[in-house]
Amino acid sequence: MARMISRPAVLLSPLAMIVVAAAVMALAPAPVAATKYNITKILAPYKEYSKFNDMLSKTRLAYDINRRQTITVLAVDNSAMSALDHYSLQTIRHILELHVLVDYYGDKKLKKLAHGSTASSSMFQATGSASGMSGYVNITRKDGKEFPYDIAVLQVSSIISSAEAEAPVPPPAPVDLEELLSKRYCKSFASLLSANAEVFRAVNETKDNGLTLFCPVDSAVAAFAATYKNLTAKAKAAILLYHAVPDYFSLQLLKSNNGMVTTLATASDKKMDYSYDVKNKGETVTLQTRVVTSSVTATVGDMEPLAVYAVNKFLQPKELFKVVEAPAPAPEPSKKKKAGRGGSDDDSSDDSGDSTADAEKGDAAPALLVRWLVTAVATAGVAYALMG
């Protein structure tokens, strides 16, 4: 049995162990895509975790959590979060990465643990930020029940950390955005941005907290110039902000994930959506707005938290331009089947019944809230012993 250690909400030393009360909030079963759940929305009703939830957004960890298929989040309450007040945002991200295990731990899995313990990789380890095995977290099962879901949110009594996670992170080197855009591919787009002081300020102020900018190459700006000239001032501002996504996406991340992104235009106009889909096929990344499909052609600059990519077409939002409807798929050959006695050649009723049943299965996920005890420790030494 693990030893109970009573300690205030302070950062743990590498070999410190705590017994934590774990509240598992079950979600819908087996989402097809990671975007089926949203960690900030899961935590939103629980005001005691509001500071933890806020930091997941500010450090951009929320996006990384949402895009994974299976995950366990170790949340701390507001009083425990005060231990992070004196750290920089990037250091806080590293510490909170230790609170995100890149696997799901339900009771069945915990019962199968060798000696009741395991060393689980955290996001701090998975992102390559940790050296050796310092990004592993040791978990010891105490008691529990089974929850066959893909995400678990567990409450821990205090911050889990390590000296490496707490190491100061140098601030990003200052970047002259206009100069960066003007040097490669995007001189014309840089001119459009700099000509609109309000838009340029919004983009420039976002770049240090996470920004991905898709800049149309000079030929794309030239092709769109006549249309742009006839837009209202408000529409011009919106379409420029539409090219800016308030989050950092590496090229590798763009190539490995499909999904919708919101833009700075979304934030500027709450009544409009101003989003588009990022799609990838092999090495090709496309941005699909339902008006135009634009492809990423080159990396202008990639220095986290800022990434700038050249695209071959000016992005046009559906909020300002007519949607181009996709051609209807060709009808499938009809399937003939013999009608039995009292039967019919029309099998639509069977299909309707099947789809209804499937829908009912998908919607029938009960909400559960239970508690169990685990032990968590961030230490390379213990992790190595357990893995060895």
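Atom set for the values below is all heavy atoms of this structure, side chains included, hydrogens, waters and symmetry mates excluded.
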Are side-chain N/O atoms of [X] and [Y] paired as donor and acceptor at under 3.5 Å?
{"X": "Q288", "Y": "T293", "answer": "no"}
{"X": "D302", "Y": "Y248", "answer": "yes"}
{"X": "D277", "Y": "N258", "answer": "no"}
{"X": "T289", "Y": "Q316", "answer": "no"}
{"X": "N78", "Y": "S50", "answer": "yes"}

Please verify the inter-ring angle class for F124 with H94; under 30° counts as parallel, over 60° as perpendicular, anything in between as tilted.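 Ring orientation, 0 to 90° scale: tilted.
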Pair V73-F52, side-chain contact (heavy atoms from CB on, under 4.5 Å): steps then yes or no: CA-CA 11 Å; V73 179; F52 179 81; 3.9 Å; yes
Determine the minimum heavy-atom distance between [X] and [Y], stating which atoms define it.
{"X": "A244", "Y": "V203", "value": "CB-CG2, 4.3 Å"}
{"X": "A165", "Y": "T91", "value": "O-CG2, 3.6 Å"}
{"X": "F249", "Y": "A307", "value": "O-CB, 3.6 Å"}
{"X": "S122", "Y": "L98", "value": "OG-CD2, 3.6 Å"}
{"X": "T59", "Y": "I92", "value": "CG2-CG2, 4.2 Å"}
{"X": "V278", "Y": "L287", "value": "CG2-CD2, 3.9 Å"}

Looking at E198, I'd like to know if its CD atom is crowded, meaning that more than 12 non-hydrogen atoms belonging to other residues, nucleotides or ligands lie closer than 6.0 Å.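 No, because the 6.0 Å sphere around CD of E198 holds 12 heavy atoms or fewer from other groups.
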Is there a salt bridge (charged side-chain N to carboxylate O under 4.0 Å, His left out) between R60 and E304? Walk through the geometry before answering. CA-CA 12 Å; R60 307 191 308 281; E304 190 176 358; 3.4 Å; yes
What's the spacing between [X] [atom1] and [Y] [atom2] if we round to 0.5 Å?
{"X": "S57", "Y": "L43", "atom1": "OG", "atom2": "CG", "value": "9.5 Å"}
{"X": "D85", "Y": "K51", "atom1": "CG", "atom2": "NZ", "value": "6.5 Å"}
{"X": "M81", "Y": "M55", "atom1": "CE", "atom2": "CE", "value": "5.5 Å"}
{"X": "S79", "Y": "E48", "atom1": "OG", "atom2": "CD", "value": "10.0 Å"}
{"X": "S182", "Y": "L193", "atom1": "OG", "atom2": "CG", "value": "9.5 Å"}
{"X": "D208", "Y": "L306", "atom1": "CG", "atom2": "CG", "value": "8.5 Å"}

Test your reading of the model: is there a side-chain donor-acceptor pair from [X] to the backbone of [Y], 3.5 Å cut-off?
{"X": "S161", "Y": "I95", "value": "no"}
{"X": "T266", "Y": "T262", "value": "no"}
{"X": "S120", "Y": "L101", "value": "no"}
{"X": "D247", "Y": "G210", "value": "no"}
{"X": "H99", "Y": "I160", "value": "yes"}
{"X": "N53", "Y": "Y49", "value": "no"}
{"X": "N280", "Y": "T286", "value": "no"}
{"X": "R93", "Y": "K58", "value": "no"}

Could you please spell out the steps behind the side-chain contact (heavy atoms from CB on, under 4.5 Å) verdict for N196 and F200? CA-CA 6 Å; N196 191 317; F200 185 82; over 6 Å; no
Run the numbers on Y242 and F214 for ring-ring contact (aromatic ring centres under 6.0 Å, His included), then give the verdict. CA-CA 9 Å; Y242 189 62; F214 298 105; over 10 Å; no
Linking I/L/V/M/F/W/Y whenever any side-chain heavy atoms sit under 4.5 Å apart, do F321 and L315 land together?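 Yes; L315 is reachable from F321 via cluster members.
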Test log, rule side-chain contact (heavy atoms from CB on, under 4.5 Å), inputs T299 and V308: CA-CA 6 Å; T299 299; V308 182; over 6 Å; no
Whether K313 engages the ring of F224 as a cation-pi pair (distance to the six-membered ring centre under 6.0 angstrom, angle to the ring normal within 45°) should be assessed.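 No, K313 and F224 do not form such a contact.
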Any side-chain heavy atom of [X] sitting closer than 4.5 Å to one from [Y]?
{"X": "T206", "Y": "L264", "answer": "yes"}
{"X": "D103", "Y": "I71", "answer": "no"}
{"X": "C186", "Y": "V300", "answer": "yes"}

Regarding [X] and [Y], does a basic nitrogen lie under 4.0 Å from an acidic carboxylate oxygen?
{"X": "K187", "Y": "E179", "result": "no"}
{"X": "R68", "Y": "D64", "result": "no"}
{"X": "D273", "Y": "K318", "result": "yes"}

Residues T263, H243; criterion side-chain contact (heavy atoms from CB on, under 4.5 Å); working and verdict: CA-CA 7 Å; T263 66; H243 290 75; over 6 Å; no
